[in-house]
Amino acid sequence: MNLELTAEEQAFREEARTWLRENLPDGERPPEGQPMREFDLAWQRTLFDGGWAGINWPTEFGGRGLSDIQQMIWYEEFARADPPFTLNNSCTFVGNNHGGPTLIANGDDAQKAEHLPKILRGEVVWCQGFSEPGAGSDLASLSTKAVIDGDELVVTGQKTWTSYAHVADLQELLVRTDPTAPKHKGISWVICDMSLPGIEIREIETMSHVTDFCEVFYDEVRIPLTNVVGEIDNGWRVAMSTLSFERGTAFMADQVELASEVEDLIAEARTRTGPDGRRPAIADDEIARRLATARAEVAALRAMTIAGISRTARTGVPGPEGSMIRLFHGELHQRVYQLALDIIGPEALRLTPVDGEGNWTGRYLQSFAYTIGGGTTDIQRNIVGERVLGLPRQ
Ligand SMILES: Cc1cc2nc3c(=O)[nH]c(=O)nc-3n(C[C@H](O)[C@H](O)[C@H](O)COP(=O)(O)OP(=O)(O)OC[C@H]3O[C@@H](n4cnc5c(N)ncnc54)[C@H](O)[C@@H]3O)c2cc1C
């Protein structure tokens, strides 16, 4: 595998670096609610106006039609520019990284024309309504039901862990449209307008004090049948395409950002006093060894990401191999923040999770999400075993 960039890709990197130097917003991202939404949408609009939205989306849908490698270069330059916020933790994440790509792959012409430009221009926030209290890892056992009535679906049920539902305009919603069919059949993937009558949203606070999480209740919510993506009862196929983007390419920015976090941590270990109470933390053999391992592992993660991009370029849609990257990334993410807390020592207890930039404690608490969201590590291991290695199904 050739990891060298072409001259065109190098030029793209320079272009991105220059633009970011001049356009990166100052100041902190508001952590919650409408101010957070406005900040994220304003940044998305800035990206669009500058020609940096949808770098790897087809030009016919308003993107730049460039490669996933160029998209990755952009993320690397973004992380290098030391921004006051991360791209992964944004309410524009779902629309850009799996809602939009799912519509590109499965939507009809009207759905694409209606929704894709709005995502890129920063006019809408999307959220994902897949998980339910009784359906997480076993997503196909979802029970939120939708009954066809004339040219509408009438939806009743509950979703949970819906990130950013409280600030979202639209939702990727999975509903059961045929309760008599086997559980992977009879599911439909629907675009749900979050302002419809009958929708109630309740926020859930997590241990990292973030209130992005919500429960969403649906009481006879009427959604036009034209909002079904793919065919009615064929939503499992569409959902698998959403999850392939979510597990395959959506976390590319985060994978890249982790490399610069490791460099920040190395800098931190040079200034903090180590376990002997005298020398800097980096002079401690064990800490130095773990930092060197982390640096090697983020380099390995980058190579895996590039290998994944090459595979997707050949096949068009990320395959089950994305789960290998997601698994390695999730567990590495947690190791890096555990190391951060070991370096910082008892002072980590003084920081509260919402104490802004440079807060290793908040990021440590948030890191637990990385082995759960988008499919737990157990589920990723099952996918790698069954669909990549071809082991017998459990
Ligand atoms: C930060 C974050 C954001 C999220 N955002 C969203 C969102 O926006 N929209 C949305 O719909 N969902 C979202 N989720 C929910 C997420 O998809 C689920 O939490 C996840 O799929 C696991 O489901 P569960 O919580 O019901 O756990 P369960 O499925 O109940 O799993 C419990 C435990 O059993 C294990 N387990 C279950 N089945 C198996 C098996 N077959 N083999 C081996 N082990 C198994 C799991 O690994 C886990 O350890 C989010 C979660 C997180 C952490």
Side-chain angles (χ1 to χ4, degrees), residues 31 40 86-99 102 125-144 155 157-176 183-184 187 189-192 194 199 201-218 235-236 238-240 242-247 250-251 254 322-323 326-327 329-331 333-334 337 353 362-387 391-394:
D40 289 351
T86 63
L87 289 177
N88 179 41
N89 194 14
S90 158
C91 52
T92 55
F93 176 85
V94 169
N96 275 299
N97 293 301
H98 49 88
T102 301
V125 169
W126 279 68
C127 64
Q128 180 186 50
F130 280 20
S131 305
E132 297 183 2
S137 301
D138 186 12
L139 183 60
S141 57
L142 64 91
S143 63
T144 294
V155 176
Q158 184 198 340
K159 296 288 169 179
T160 191
W161 316 128
T162 317
S163 306
Y164 298 116
H166 61 318
V167 291
D169 306 287
L170 295 164
Q171 184 180 49
E172 321 170 326
L173 176 62
L174 285 185
V175 290
R176 185 160 301 285
K183 71 177 184 178
H184 291 86
I187 290 173
W189 198 110
V190 191
I191 302 168
C192 175
M194 296 299 280
I199 294 183
I201 300 165
R202 296 186 201 154
E203 295 175 24
I204 307 170
E205 188 174 335
T206 67
M207 70 174 176
S208 57
H209 291 221
V210 175
T211 46
D212 301 340
F213 263 161
C214 300
E215 295 175 289
V216 184
F217 298 85
Y218 310 78
W236 187 251
V238 185
M240 287 305 100
T242 309
L243 290 178
S244 80
F245 290 114
E246 189 174 355
R247 292 166 182 165
F251 282 87
D254 209 72
S323 287
R326 190 84 181 88
L327 177 61
H329 171 227
E331 294 187 335
H333 199 104
Q334 289 179 352
Y337 289 104
R363 282 177 276 169
Y364 166 76
L365 291 173
Q366 195 62 26
S367 76
F368 287 89
Y370 281 78
T371 49
I372 306 172
T376 68
T377 43
D378 300 315
I379 295 307
Q380 309 294 358
R381 282 195 168 86
N382 286 346
I383 294 170
V384 173
E386 291 166 7
R387 294 174 51 203
L391 299 175
R393 292 184 74 84
Q394 54 160 347

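The structure presented is a predicted model; accordingly, all values stated were derived computationally and were not measured. Counting starts at 1 for both ligands and their atoms, in listed order.
A 6.0 Å sphere centred on CH2 of W236 holds more than 12 heavy atoms belonging to other residues, nucleotides or ligands.
Per-residue contacts place T376 under 4.0 angstrom from the following atoms of ligand 1 (heavy atoms of the residue considered): 22 (C), 46 (C), 47 (O). Against a heavy-atom cut-off of under 4.0 Å, D378 is close to the following atoms of ligand 1: 35 (C), 43 (C), 44 (N), 46 (C), 47 (O), 49 (O). When each atom of ligand 1 is checked for a heavy atom of F130 under 4.0 Å away, the hits are 11 (O).
In N382, the part holding a heavy atom less than 4.0 Å from any atom of ligand 1 is the side chain. With a 4.0 Å heavy-atom cut-off, ligand 1 is reached by the side chain of I379 but not by its N, CA, C or O. Of all the heavy atoms of I372, the ones lying under 4.0 Å from any atom of ligand 1 are found in both the backbone and the side chain.
Ring pair W126/W189 is tilted by interplanar angle, where 30° to 60° counts as tilted. By the 30° and 60° cut-offs, the orientation of the rings of W161 relative to F213 is tilted.
Checked by atom type and distance alone, the side chain of R326 never pairs as donor or acceptor with a backbone atom of Q380 at under 3.5 Å.
Nearest to atom 51 (C) of ligand 1 by heavy-atom distance, out of G373, G374, S131, P133, is G373. Across G375, S137, A369, G134, heavy-atom proximity to atom 37 (C) of ligand 1 is greatest for S137. Considering each of C127, G136, G129, C214, the one bringing a non-hydrogen atom nearest atom 26 (O) of ligand 1 is G136. In the candidate list Y370, F93, W161, Y164, W161 is nearest to atom 14 (N) of ligand 1, counting heavy atoms.
In this structure, the ring pair (Phe, Tyr, Trp, His ring centres under 6.0 Å) partners of F368, at least two apart in sequence or on a different chain, are Y364. Checked against side-chain contact (heavy atoms from CB on, under 4.5 Å), E203 has the following partners two or more places apart in sequence or in another chain: H166, T211, C214.
Interatomic distance, CG of D169 versus SG of C192, reported as 11.5 Å (0.5 Å rounding).
Ligand 1 has F213 within reach: a non-hydrogen atom of the residue lies less than 4.0 Å from it.
If you check the side chains of T162 and E215, you find no donor sitting under 3.5 Å from an acceptor.
For Q366, no nitrogen or oxygen atom sits less than 3.5 Å from a nitrogen or oxygen atom of ligand 1, counting backbone and side chain alike.
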